[in-house]
Protein chains: 2
Amino acid sequence: MKKITIRDVARKTGLSITTVSRALDGYDDVAEETRATVVSTAQKMGYIPNRAARQLRRQQAETIGYIIPVHTVGFADPFFSEFIAGLGDEISSQNYDLLVTSAPPASEEERTQYTRWIQSGKVDGIIVNRVRLQDWRLQYLARTKTPHVSMERSLDPINFIGIETDVTSGMLELITHLTNAGHKRIAYIGGDSQLKIEQDRFQAYLAGLSAAHLSFRPEMTTQADLTSEGGYQSAIRLLSQSKPPTAIVCINDLTAIGAMHACHDHHLKVGHDIAVAGFDGIADTAHTQPPLTTLDQPVYDIARQLVRMLLSMIHNETLSEKQVMVKPNLLIRASTNG
Amino acid sequence: MKKITIRDVARKTGLSITTVSRALDGYDDVAEETRATVVSTAQKMGYIPNRAARQLRRQQAETIGYIIPVHTVGFADPFFSEFIAGLGDEISSQNYDLLVTSAPPASEEERTQYTRWIQSGKVDGIIVNRVRLQDWRLQYLARTKTPHVSMERSLDPINFIGIETDVTSGMLELITHLTNAGHKRIAYIGGDSQLKIEQDRFQAYLAGLSAAHLSFRPEMTTQADLTSEGGYQSAIRLLSQSKPPTAIVCINDLTAIGAMHACHDHHLKVGHDIAVAGFDGIADTAHTQPPLTTLDQPVYDIARQLVRMLLSMIHNETLSEKQVMVKPNLLIRASTNG
DNA sequence: CATTTTATCCAAAACGTTTTGGAATTTTAC
DNA sequence: GTAAAATTCCAAAACGTTTTGGATAAAATG
């Protein structure tokens, strides 16, 4: 199975390489008739342009990169599957490709991955996620003028392009829902304090409390690592206090799943004796026992839209909206509403 | 931030492009001393070879591809996250890259994705998953002599290279565990009958029944789609019969999670009134309510080993083992052992 | 000392595209 | 009927590497 090059197509059609190339690329300086024959014979011969050659000449990779920011080997947050699926679908629908790898946040490995991809021209743009408060990635991308979009902004004064979730309004709605049900001791299980989502969600939790005229109690908050196991351990600690919480708000769904497990081990019936809520809206939460109340983000759609924004930046088109804000959707289920 | 090419390094060191290239690639026809200066100035200047140029010349992409075989938009099976993480980690540790996209199984889109990547030379090899009984992908890959490895073999007489799970022994263990607990009406929720894993797991289920001297009852099996929602619907159907099952074995964990939810809606206490078991061993299953009994596959490690096999094929090394069989590990938890 | 071997280096070709800057032909305008 | 404009095509350069096939100088051999 020899590879078919543009030269073969040129020979077959009796035209020059130039004309074949331009015919296929839809330039208007080639006659309709010749274009038709070129297109059909190219199709018939199964010609597909060599990517490396095209990239080299065009100085474009037609590829965008995403590095999954995860430390544990064998991570399994469905959030990422959904996100990657969204990226992949939109990217390939635009005839681009998606390069993926994973690297622990803020590690040396992360740094070499980013620089390798960008310096070697393997990618034209980058999608960033799980932004840290001080994040060298955004600084580096800005400095090298690499097109990028992100799901959160950092603290650095770099102009942000991407999509954010309106955590404050969502969290307010959730806490109101809980206080309406009479909850007074509402705990919070968060993540690494360097994470922007942690800051956002924790601040929103505080705002929610104060809106409900509840005072903040340090012993009602703990930090986990965004996994079920972390949620389980943190919830165990919260529940072992003399005055345990009656509701637990979690930074994400995985944490909440672990927290529900911990409640059960403490012989508390989730939804009756204690309320638990998550954040993200991953698919399984509809089928946990009990089904989990969560602030649903349209992760798949966010991913697709991020790609659209990034690609129009790469193509030097002007963005209609550089900063998009989406409202999460509060899904009230049995875990807070037994 | 101009891109630094090999020409710049050559100029700086006063050497030729050739020598710089060969120095960096470790050829032995360059003096130790010059190599040292080349390496250090290249490093200092931040030179990273352009990937497109290198690929074009070498006729190698140093990239391998994986197409997630999934139909629903916004899939979220943690199985895939874990698999992709394994692929990505091993691949980047060998200085290769991983190209990812998704396409519905057996769709036209799938076909164009595969051919586009392979014909255009974007990837040197492919990882295949969720093989169908008749699978054009394996035929195509064999025909085009594209290096590939897979997690299941198809029926076609193509010599298989990859890693399989020993479903039969695992399933036997599981069914024995259930019959020992006195279960006689053991149901099975499967997936698309074209899938190799469906055939394997269903056959293993039948073998397990007959080993326990239980007769197969068609009304005890149903087909879902490997999602929680599908598992829920299928289980509802099973439970609505006049003589419902006392145990349900599921093709994967997601299905089992949905099935547990259905049991709960039927006011059956999972682990007491009915047993439910899954397959895959995704991380959350430790924290479902109740924790799920499952046949755990070391997905992350399988992914890494698949990559190692694929890369040695690409490098024309001889494989010590072309066909590896791994035993799943039966994790007995409360869902069958209340 | 002349010849061969070894150790270093390099010029030029090649990989398969896209793009530039015309050239040749045909059509339109006057 | 001639000049200008439009249409259609193409040769050659360029993208940044790696590799081939020597060239040169130094060392070893006789």
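For the numbers below, each heavy atom of this structure counts, side chains included, while hydrogens, waters and symmetry mates do not. As the structure is a prediction and not an experimental result, all values here were calculated from the model. First the proteins, then the strands, lettered A, B, ... as listed; each starts at 1.
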N or O in side chain of [X] less than 4.0 angstrom from [N] OP1/OP2:
| X | N | answer |
| --- | --- | --- |
| B:R54 | D:dG16 | no |
| A:S21 | C:dT19 | no |
| B:T18 | C:dC10 | no |
| A:Y47 | C:dT17 | yes |
| A:T5 | C:dG16 | no |
| A:Y27 | C:dT19 | yes |
| B:Q59 | C:dG16 | yes |

**OP:** Fit a plane to each ring of A:F80 and A:Y66, take the angle between them on a 0 to 90° scale, and name the class: parallel (under 30°), tilted (30 to 60°) or perpendicular (over 60°).
**Re:**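 Answer is tilted, since the angle falls between 30° and 60°.
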Subject >> Plane angle bin for A:F79 and A:F83 - parallel if under 30°, tilted between 30 and 60°, otherwise perpendicular >> reply: parallel
**OP:** Check if the side chain of B:R57 and the base of D:dT17 share a donor-acceptor pair of N or O atoms closer than 3.5 Å.
**Re:** no
Original post:
Can you find a donor-acceptor N/O pair under 3.5 angstrom joining the side chain of A:D29 to the base of D:dC9?
Top reply: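 Such a pair is found, so the answer is yes.
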Find the distance [X]:[atom1] to [N]:[atom2] and express it as a whole number of Å.
| X | N | atom1 | atom2 | answer |
| --- | --- | --- | --- | --- |
| B:E33 | C:dA7 | CD | P | 16 Å |
| B:D28 | C:dT6 | CG | C1' | 12 Å |
| B:E62 | D:dT18 | CD | P | 9 Å |

Original post:
Do B:Q113 and A:S92 have a side chain donor and acceptor closer than 3.5 Å?
Top reply: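 B:Q113 vs A:S92: donor-acceptor pair found between side chains.
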Original post:
A:Q55 versus A:Q60: any side-chain heavy-atom pair under 4.5 Å?
Top reply: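 A side-chain contact is absent here, since even the closest heavy-atom pair is not under 4.5 Å.
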Original post:
Between D:dC10, C:dA11, C:dT18, which nucleotide gets closest to the side-chain atoms of A:S16?
Top reply: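 Closest of the options to the side chain of A:S16: D:dC10.
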